[in-house]
Structures are given as C-alpha cells and as structure tokens.
Amino acid sequence: MARSNEAAAEALNEYAELFALDGGDPFRVRSYQKAAKAIAGHPRDLREISVRDVPGIGEAIAKKVEEFLARGGFRQLDALRAKVPDGVRRLTRIPSLGPKTALFLYRELGIDSAEALADAIAAGRLKGVKGMGPKTVDNLLAGIEQLRSSGGRVHRGIAFDLAQQVIAVLGGQASPPERIAYAGSLRRMRETVGDIDILAVGSPGLMEALRAQPFVTEVVAAGDKKTSVRTDRGLQIDLRLVPAESWGAALVYFTGGKDHNVRLREIAVRKGWKLSEYGLFEGERVIAAATEEDIYAALGMQWVPPPLREDMGEVEAALKHELPELVQRADLKGDLHTHTNLTDGVASLEEMVAAAADLGHSYYAVTDHAPDLAMQRMTLDKALEQRAALEALQAKYPRMRLLHGTELNIGPDGSVDWPLEVLEGFDVRVASVHSHFTQPREEMTRRFIAACENPGVHIIGHPTTRKIGKRPPVDADWDAVFDAAARTGTVLEIDSFPDRADLPSDLVRRAKHRGVRFSIDSDAHAVPHLGNQHYGVGIAQRAALTPDDVINAWPLDRLLAHLAAPT
DNA sequence: GCCGTTTTCGGCCCGACTGTTTTCAGTCG
C-alpha cells in the first residue's frame with residue numbers, strides 16, 4: 001500500500017491554492033503549505049502516527065487530515081472546490097500569471113484557460129487594460145508556450161509512482177499476474193513520460209481491475225489484449241496482456257525506443273529472420289522469445305540496458321560486446337548535496353544524518369544554503385555552529401564520514417557568497433543559480449564559467465535550473481561551460497529531484513565527451529528525498545556514465561583527494 | 001492556522017525583480 005502522506009499533502013496544497021484564490025489570509029495559506037511539506041517530508045506513514053505530532057500541524061489541520069485519511073477528502077476542501085471556478089485555477093498554471101491576475105482576467109474578461117487567453121491576446125482584447133503593458137503580454141505568451149511545450153508529459157517521479165501503484169494493485173488481485181512489469185520510456189528512465197506501458201502475463205480480469213481503479217477517469221480502449229485508461233493526472237496507462245512464451249520479445253518491443261527497435265529488426269532481417277513483439281522467428285520456427293537476453297544473444301549482441309536503447313551508438317557497441325559498465329545505484333557511496341531545517345529543509349541535522357546512515361552511505365555532506373539567498377536567513381555563525389554540531393555527531397557514526405558543505409548562490413556576475421578563506425572551511429562547496437534566470441546567453445555563459453573558475457567551488461548544482469512543467473532551462477553555451485568545467489576540474493551535478501532531473505541526460509552525454517565529471521545528488525530537503533538518487537542514476541545511465549565518471553561512486557579517499565586538489 | 005528563551009497574542013523567511021506605476025502591485029524563490 002502506498003504511503004498516505006503524499007496524497008494528504010497534495011490535498012492540503014490544493015486547499016492552500018484554492019484558499020488563496022478565494023482571497024484567504026496569506027498567512028493561513030502558508031500554514032497549509034507548510035503542513036503539506038511537513039507531511040510529505042515525514043519519514044513515517046501518517047496512518048502509523050498521531051498527525052497532531054507532526055511539527056507545523058495543529059488542531060485545525062489535524063482534523064482535516066484525519067478526515068482525509070478516513071474518506072479521501074475533507075469538508076472545507078469540497079466547499080472551496082465548488083466555490084472557486086476551474087477557469088481561475090487553470091489560468092494560474094501559466095508561469096508569471098498569479099492569483100490576482102487570474103481572478104481579474106476571469107471576472108472582467110471571461111478568460112478561463114490558456115487557450116482563451118492566447119485568443120484574447122491575439123484579438124487585442126488586452127490592449128489598454130490596466131497593468132497589461134506590452135512586456136506583460138509578452139511574458140504571458142511565453143508562459144502559455146511553456147505550458148504547451150510540456151505536451152502532456154509528466155516528470156518521471158509521477159509516472160514511476162503511478163506505475164508502482166498499478167503493479168501493486170494488480171498484484172493484489174484474486175488471480176494475480178504471473179508476470180508484470182512496466183516498459184516504455186519509463187523503463188528507459190526518461191526524465192519525462194507521456195504514457196505508461198505495463199505488460200502482464202495473466203487473465204483478462206486484470207484489465208477489468210485496472211478500469212475499476214479510483215484514479216481512472218476515462219477508459220480510452222478496452223479490448224482482449226490491451227486496455228488504455230486515462231488517469232486523473234491526464235496520464236494514459238496502457239495495460240497489455242502478452243503470452244508467457246513471448247515475454248522477452250514483448251518487453252523488447254514495448255520498451256523501445258523506436259529507433260533502437262528498428263535497428264534490431266534490420267539486423268534480424270539481414271539474417272533472414274523476423275523480429276516482432278511475439279518473438280524472433282525463422283519462418284514459423286521460434287529462435288528466441290522468452291527472455292530479452294535470448295533475443296539479443298541470438299542477434300549476436302550483448303543485452304542492452306534499457307536506458308541506452310535510443311540508437312545513440314549502443315547497437316554497434318553491443319554487437320562488438322563493448323557496452324560500458326553503467327553506474328548503478330549500488331555504486332553510490334554517498335550524497336554531496338542535502339539540506340536541513342537550518343535553511344529550507346524540513347528535517348533536523350540529526351534526523352537527516354541518521355537516515356543517511358540507514359541508507360548505508362559511507363560519506364554524507366550537509367550543504368545548507370549560504371547567506372546570499374536572503375530568504376534562507378543564513379549567517380556564517382549559523383554555519384559554524386552547524387559544523388560543530390556535525391563534528392560532534394561524527395562519533396555516533398564510525399562507518400559514515402560526515403562532511404560539512406554549503407550550497408552557494410551564483411550571483412548574476414558569477415560571484416558566490418563567501419571569500420575563498422571562508423569557503424576553504426567547508427569540505428564540499430556546491431554552487432547553484434537561484435535567480436536571474438533570463439539573463440542573455442552570453443552573460444549566463446560567463447556567469448557559469450566564472451563559477452567554474454572560482455577555486456572555492458567544487459560542484460555546480462542543478463546547472464540548468466529547469467523545473468519540468470514549470471520553468472524552462474536557462475540559456476547558456478553549454479559546450480563552453482562544459483569546457484570550463486573540464487579544464488578547472490569542476491564537477492557538474494546530476495540533481496536527482498524528479499522534477500529537476502538536472503543536468504538532463506542529453507547534456508550529461510555532451511559534458512562527458514568534453515571530459516567533465518559528475519556528482520549524483522539527492523538535493524534532499526526531507527528524509528524521504530534521500531531515496532531519490534535512483535532517479536539521478538537513471539539519468540547517468542542514459543548518458544552511459546560509468547562509476548569512474550561519478551565522484552560520489554568513488555571511495556572516500558579518492559573523493560577527499562579530489563576535493564582537496566586546487567581547481 | 002501555527003507557534004512560543006519576545007509564550008496565549010501577535011508575529012509569521014523577506015527581499016528582489018519586473019513592469020508599470022509616479023509610489024506600487026504582482027510574482028517568485
């Protein structure tokens with residue numbers, strides 16, 4: 001059974017949004033958001049604890065959450081859903097368009113969607129409207145485009161959770177599947193997913209069970225071998241029943257990618273064979289079908305890990321038996337970018353360190369924000385206090401080396417928070433962009449290069465600063481940045497947060513070719529986030545990284561030597 | 001709505017940026 005925390009947090013966030021749109025007190029809005037964050041970040045399942053004991057939750061929210069746990073909703077949420085028009089909510093999904101403007105556009109001009117807004121702008125209906133100058137209209141158009149370009153795809157975290165949920169539900173049926181697995185872009189570890197493909201060997205009752213799930217809003221297709229449903233998040237799920245003897249062939253076929261599959265079929269054809277989702281055949285004779293390994297072996301290839309199946313050179317490498325040894329989750333020995341409640345995390349230093357030890361890390365860096373990000377209210381004194389606390393904590397963890405780090409803010413000119421002599425007191429220095437996202441390409445490139453050239457900076461955090469579905473990547477000459485990183489020994493981060501997924505795998509691949517090394521970090525702001533590193537590993541695998549490319553796959557001694565070397 | 005070495009009321013991370021405003025409103029992190 002999935003944790004109830006995420007669903008409850010989502011309901012509270014929705015309530016906060018509706019409450020704000022309804023003109024509610026901003027401080028109460030913050031309370032709901034804070035409670036949602038605390039719930040989502042709580043290590044224990046809500047059903048196992050007293051909700052009232054979670055910090056940030058008082059009597060009023062506890063009652064709402066308890067009602068939510070009992071029946072999947074609460075009275076006040078139902079009331080606000082009925083009161084706030086969907087059109088207003090849809091408008092606020094447009095970046096740069098907040099609640100005030102949404103309400104105004106809806107009430108005064110009857111605009112209730114991104115499409116309607118685009119039409120109104122095209123028709124010149126916003127001309128002369130108070131507060132709607134040309135720049136504002138341009139920004140709205142850019143926001144609409146940003147919303148459209150996400151094209152119904154969601155980040156991998158959402159798709160992964162949903163796929164796990166479907167597999168768990170079907171596995172719990174009276175006649176469970178003999179085999180079940182997800183395929184498609186989800187199995188290839190793509191950073192965004194357009195639909196979820198699930199393969200199963202089992203009875204047609206599985207398809208009925210899927211259609212009956214509460215998150216299914218529409219049945220798109222329902223046949224003997226395939227059921228397609230749409231879910232409340234707009235994501236489509238395809239469930240396909242395949243014959244047990246064709247399992248491997250079906251997995252290959254439905255995992256794709258398309259170009260990879262085309263290459264495989266061409267190789268089969270050249271041997272006088274045929275490859276389909278039912279197997280590899282010579283005429284009627286089955287050559288291979290039951291496992292993926294059998295099929296690749298019959299084609300004279302190594303089994304290709306799904307993240308590489310994009311026809312980006314892996315077919316040739318597999319034919320020559322020269323596929324790289326991809327970095328695995330188990331190779332990671334530590335985490336070099338994490339937060340505590342000293343800045344914007346929700347868990348204490350002690351809680352985060354204890355959870356990291358449970359994961360079996362052999363080193364762990366705490367990298368709270370630095371003073372330039374004013375909202376975090378950090379000071380050098382606070383950082384030094386934290387360092388002392390961390391040093392005291394070290395005695396409790398003989399098998400895990402605690403590293404004191406910081407996440408610096410890269411200013412518009414490429415400078416960071418502290419001078420070198422202060423930076424040298426930190427074991428790990430991550431530096432990231434948190435503002436001025438729209439700088440012109442040349443300035444942004446200079447900014448990153450300056451950060452790389454700063455001898456006090458070890459790692460550039462979440463380099464493109466994108467948030468999938470919310471914020472586009474910044475514009476920079478990435479090859480120039482990668483060259484600077486390679487030249488200075490500056491490591492680029494693969495931020496594992498599924499909505500960041502940053503660097504993206506295509507840029508990781510390019511950076512690797514230019515000699516850059518990487519760090520796969522959780523950027524955890526709560527205990528459960530520490531487990532997100534598997535998402536970053538997926539990105540690394542898509543870019544064909546090996547353990548040698550990833551500094552936190554290195555043993556402690558090698559890592560420390562690298563961090564100590566002047567860059 | 002939450003919280004308490006400012007403790008049961010009165011604060012709440014708050015500053016920067018943008019565009020439009022001639023003194024500020026909205027949005028964001």
Side-chain angles (χ1 to χ4, degrees), chain A residues 11-13 15-39 51-67 74-77 80 88 91-105 126-143 146 339-346 368-379 382 407-413 417 432-440 443 461-462 465-467 470-472 474 495 497 499-500 502 523 525:
Chain A
L12 277 177
N13 273 325
Y15 186 63
E17 183 195 349
L18 293 170
F19 194 83
L21 284 172
D22 194 41
D25 172 22
F27 291 112
R28 285 175 64 182
V29 174
R30 285 205 57 79
S31 291
Y32 300 131
Q33 287 168 339
K34 215 173 145 191
K37 195 174 168 185
I39 285 173
V51 182
R52 186 67 178 79
D53 293 341
V54 178
I57 297 194
E59 277 311 312
I61 293 182
K63 276 204 185 109
K64 293 179 176 72
V65 170
E66 280 157 9
E67 188 181 341
F74 55 90
R75 184 173 53 79
Q76 297 89 337
L77 177 60
L80 273 185
V88 178
L91 286 176
T92 59
R93 305 267 181 277
I94 301 170
S96 85
L97 202 165
K100 293 287 191 320
T101 314
L103 220 48
F104 173 81
L105 291 173
L126 263 54
K127 286 219 172 70
V129 174
K130 176 172 66 80
M132 292 289 157
K135 292 273 184 63
T136 300
V137 169
D138 281 352
N139 285 338
L140 287 176
L141 286 173
Q146 163 71 9
H339 296 272
T340 75
N341 60 5
L342 184 60
T343 55
D344 57 353
V346 298
D368 272 313
H369 290 284
D372 284 359
L373 212 56
M375 61 188 264
Q376 304 292 351
R377 317 194 98 200
M378 185 53 130
T379 62
K382 284 191 191 174
E407 183 182 9
L408 303 160
N409 186 57
I410 304 177
D413 61 352
D417 309 57
S432 319
V433 165
H434 297 104
S435 65
H436 301 81
F437 303 118
T438 55
Q439 273 183 329
E443 265 174 59
H462 47 73
T465 78
R466 71 160 174 182
K467 291 251 182 106
K470 292 195 194 110
R471 185 168 67 209
V474 297
D495 188 306
F497 244 92
D499 65 339
R500 284 195 183 270
D502 187 9
D523 192 5
H525 286 64

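The basis for the numbers below is simple: all heavy atoms, side chains too, and nothing from hydrogens, waters or symmetry mates.
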If we only count heavy atoms from C-beta on, is the A:Met378 to A:Asp368 side-chain gap below 4.5 Å?
yes
Rounded to whole Å, CZ of A:Arg377 lies from P of B:dC14 at a distance of 4 Å
Separation of B:dC14 atom P from A:Asp372 atom CG, nearest Å, is 17 Å
Show every donor-acceptor pair shorter than 3.5 Å between a side-chain atom in residues 129-143 of chain A and any protein atom, with sequence neighbours excluded, or say none if there are none.
none

C1'-based separation of B:dT21 from B:dT27 [nearest Å] | 16 Å
Rounded to whole Å, CZ of A:Arg52 lies from P of B:dG1 at a distance of 13 Å
Across all chains, not counting sequence neighbours, the side chain to side chain contact (heavy atoms under 4.5 Å, CB included) partners of A:Pro412 are A:His436, A:Gln439
### Task
Answer yes or no: does a side-chain N or O of A:Arg28 lie under 4.0 Å from OP1 or OP2 of B:dC2?
no
Say we look at B:dG26 and B:dT20: how far apart would their C1' atoms be, to the nearest angstrom? 11 Å
Practice task
With heavy atoms under 4.0 Å as the rule, sort A:Pro55 into base, sugar-phosphate or nothing.
Solution key: sugar-phosphate
Under a 3.5 Å limit on both distances, the Watson-Crick or wobble mate of B:dT8 is none
- request: Pick the C1' atom in B:dC12 and in B:dT6, then give their distance to the nearest Å.
  value: 13 Å
* **Same-atom distance (P) from B:dA16 to B:dG11, integer angstrom** => 22 Å
Rounded to whole Å, the CE-P distance (A:Met378 to B:dG15) equals 18 Å
For A:Ala38, the side chain to side chain contact (heavy atoms under 4.5 Å, CB included) test, sequence neighbours excluded, returns A:Val54
Practice item. Would you tell me if any nitrogen or oxygen in the side chain of A:Lys34 comes within less than 4.0 Å of OP1 or OP2 on B:dC12? Key: no
Task: Rounded P spacing from B:dC14 to B:dC9 in Å - done: 23 Å
Whole-Å distance, A:Lys37 NZ to B:dC2 C1', equals 16 Å
* Do A:Asp523 and A:His462 have a side chain donor and acceptor closer than 3.5 Å? -> no
Please table the atom pairs, donor to acceptor, closer than 3.5 Å between any side-chain atom in residues 26-36 of chain A and protein atoms at least two apart or in another chain.
unit_1: A:Arg28; atom_1: NH2; unit_2: A:Tyr32; atom_2: OH; d: 3.4
unit_1: A:Ser31; atom_1: OG; unit_2: A:Phe27; atom_2: O; d: 3.2

When rounded to whole Å, the CD to C1' distance for the pair A:Gln33 and B:dC2 reads 14 Å
5' to 3', nucleotides 16-29 of chain B under a 4.0 Å protein heavy-atom cut-off (B base, S sugar-phosphate only, - none) gives -S-SS-----SSSB
Residues passing the side chain to side chain contact (heavy atoms under 4.5 Å, CB included) test with A:Val346, sequence neighbours excluded, are A:Lys37, A:Ala526
Note to self: Could you tell me how far B:dT8 sits from B:dG15 if I compare only their P atoms? Round to whole Å.
What the structure shows: 27 Å
Q | Beyond-backbone contact of A:Asp22 with A:Leu18, side-chain heavy atoms, under 4.5 angstrom | A | no
Here the distance between atom P of B:dC13 and atom CG of A:Asn341, to the nearest Å, is 14 Å
message = What's the gap between B:dC3 and B:dC13 when it is taken at their C1' atoms, as a whole Å value?
response = 15 Å
Between CD1 of A:Ile61 and P of B:dG1 the distance, given in whole Å, is 8 Å
